[in-house]
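Quick caveat, the model's predicted, so the values are computed rather than measured.
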Amino acid sequence: MAWNEGVVRPVSVAALGQRYRRYRLADPAAEEAMAGSLRRWGQLSPVVACACGEQLQLLDGFKRLAAARQVAGWTTLSVRVLEVDERTAKAAILGLNREQRPVRELEEAWIVQALVRDDGLTQVEAAHLLGQHKSWVCRRLALLERLSVEVKEDLRLGLLGPALARQLTRLPAGNQQALLALTRRQALTAQEVSGVIDLLQGASEEQAAFVLAKPRQALAQTRSLPVALRDPRLSRAGNWLARHLSGALEALVRVENWLRTPNERELGTSDREILEPLLTRVGDQAGTVAELVLGPAFTRTGGSHD
């Protein structure tokens with residue numbers, strides 16, 4: 001709907017409800033500045049409200065209402081009254097504010113969550129109502145439902161930007177605060193944070209500990225290697241060797257599984273005689289590689305150092 005519709009009329013300040021105030025971030029400094037503007041210039045534009053039962057509930061103009069209550073003798077405000085249902089009222093909170101200033105992402109998330117979780121809209125329906133794409137709705141929901149309590153509080157206070165907050169949603173809630181502290185301590189860039197999160201996803205405890213202790217070293221050592229094959233604890237050379245050894249090991253495991261399958265895969269005596277030199281060479285080659293990596297003290301039989 002067009003948000004400039006509705007009848008404008010004076011309404012007592014005391015009669016305006018603030019049921020929808022919970023979807024807006026507080027800004028005491030802006031309220032104080034607005035009080036000064038009211039004293040000097042008066043009310044320049046009407047606030048917007050909707051009828052909920054017997055009371056008008058404010059949709060836009062919370063700072064003006066707070067300012068009016070600070071100004072001595074100010075008893076009424078000019079109000080545009082919209083005829084909307086509950087869902088459209090929430091959409092109006094975002095629609096009205098987009099005309100005045102960029103809406104903070106957390107405020108958008110509160111509205112999206114209310115529409116989807118409280119009002120029962122699907123994400124597609126909420127996106128259509130708000131004039132957005134479904135992916136936009138998904139990202140807003142993630143800010144509230146995938147972030148830890150501590151991280152959400154930092155976001156609410158403006159201590160954390162939405163771009164970094166979105167990156168943190170890729171991690172379990174229990175790991176987000178540690179990475180946020182690391183980001184601030186090491187002054188990591190957004191690109192570095194994204195890379196660190198890539199390394200932490202699916203990492204073992206030892207790998208994760210290394211990444212969190214030395215994030216830039218871990219990133220440098222794994223750069224240009226496939227994500228699935230890189231270990232942040234290893235150097236570039238170590239990762240190259242691990243990748244090729246993993247490939248060889250996977251091939252041998254496939255051969256073993258193939259050999260354990262009966263019937264058509266049974267080998268005859270002549271097969272074994274012909275393959276024996278090749279198998280011996282595979283074993284000798286593996287031993288040579290192990291000795292080159294681990295040193296001459298490596299024992300092929302024990303598979304460990306003396």
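Using a 4.0 Å cut-off between a side-chain N of Lys or Arg and a carboxylate O of Asp or Glu, K63 and E31 do not qualify as a salt bridge. The pair E105-R166 meets the salt-bridge criterion, since a charged nitrogen lies less than 4.0 angstrom from a carboxylate oxygen.
With a 4.5 Å cut-off on side-chain heavy atoms, C138 and Q123 count as touching. V151 places a side-chain heavy atom less than 4.5 Å from the side chain of L180. Residues T88 and L82 have side chains not in contact (no heavy-atom distance under 4.5 Å, counting atoms from C-beta outward). Side-chain contact between L144 and K152 is present, with at least one heavy-atom pair separated by less than 4.5 Å. You'll find the side chain of L56 reaches within 4.5 Å of the side chain of R9, heavy atoms only. Using a 4.5 Å heavy-atom cutoff, the side chains of W136 and V112 are in contact. Using a 4.5 Å cut-off on side-chain heavy atoms (C-beta onward), V289 and L245 make contact. Under the 4.5 Å side-chain criterion, counting only non-hydrogen atoms from C-beta, T75 is not in contact with V13.
Closest approach of V79 to A49, counting heavy atoms only: CG1-CB, 3.7 Å. Considering all non-hydrogen atoms of both residues, P277 and I274 come closest at CD-O, 3.3 Å. The heavy-atom pair separating V8 from P46 by the smallest distance is CG1-CB, 4.2 Å. Closest approach of A67 and L38 over heavy atoms only: CB-CD1, 3.7 Å. For the residue pair L143 and A109, the shortest heavy atom distance occurs at CB-CB, 4.4 Å. Contact detail for R170 and Q201: the closest heavy-atom pair is O-NE2, 3.2 Å.
Counting non-hydrogen atoms of other residues, nucleotides and ligands closer than 6.0 Å to NE2 of H244 gives a total above 12. For R40, the CZ atom sits in a loose shell: 12 or fewer heavy atoms of surrounding residues, nucleotides or ligands are nearer than 6.0 Å. In R281, the CZ atom is not crowded: 12 or fewer heavy atoms of neighbouring residues, nucleotides or ligands sit closer than 6.0 Å.
Rounding to the nearest 0.5 angstrom, the gap separating the CG atom in L155 from the CZ atom in R104 is 10.0 Å. Going from atom CG of L159 over to atom CG of L164 covers 12.0 Å, rounded to the nearest 0.5 Å. The distance from atom CZ of R69 to atom CG of L77, rounded to the nearest 0.5 Å, is 9.0 Å. Q176 CD to E150 CD: the interatomic distance, rounded to the nearest 0.5 Å, is 9.0 Å. Note that the CD atom of Q18 and the CZ atom of F62 stand 6.5 Å from one another [nearest 0.5 Å]. Considering CG of L179 and CZ of R184, their distance stands at 10.5 Å, rounded to 0.5 Å.
Under the 4.5 Å side-chain heavy-atom criterion for Ile, Leu, Val, Met, Phe, Trp and Tyr, L234 and V196 are members of distinct hydrophobic clusters. Cluster annotation: L147 is connected to L200 through the hydrophobic network of ILVMFWY side chains, with a link wherever side-chain heavy atoms come within less than 4.5 Å. When hydrophobic clusters are built by joining Ile, Leu, Val, Met, Phe, Trp and Tyr residues whose side-chain heavy atoms come closer than 4.5 Å, directly or via intermediates, L168 is grouped together with L106. Cluster annotation: Y20 is connected to L25 through the hydrophobic network of ILVMFWY side chains, with a link wherever side-chain heavy atoms come within less than 4.5 Å. Under a hydrophobic-cluster definition in which Ile, Leu, Val, Met, Phe, Trp and Tyr are linked whenever side-chain heavy atoms come within less than 4.5 Å, directly or via other members, F210 and L212 are assigned to different clusters.
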Salt bridge (Lys or Arg N to Asp or Glu O under 4.0 Å) between E86 and K90, intermediate numbers included: CA-CA 7 Å; E86 178 68 13; K90 291 169 182 169; 3.4 Å; yes
Salt bridge (Lys or Arg N to Asp or Glu O under 4.0 Å) assessment of R87 paired with E125: CA-CA 11 Å; R87 297 171 177 179; E125 290 170 337; 5.7 Å; no
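Looking only at distances, no side-chain donor or acceptor of R64 sits under 3.5 Å from a matching main-chain atom of L44. Judged by distance alone, with hydrogens and angles left aside, the side-chain atoms of Q57 form no donor-acceptor pair with the main-chain N or O of C52 at under 3.5 Å. No side-chain donor-acceptor contact under 3.5 Å links E192 to the backbone of L219.
With 3.5 Å as the limit, one finds no donor-acceptor pair spanning the side chains of T169 and R139.
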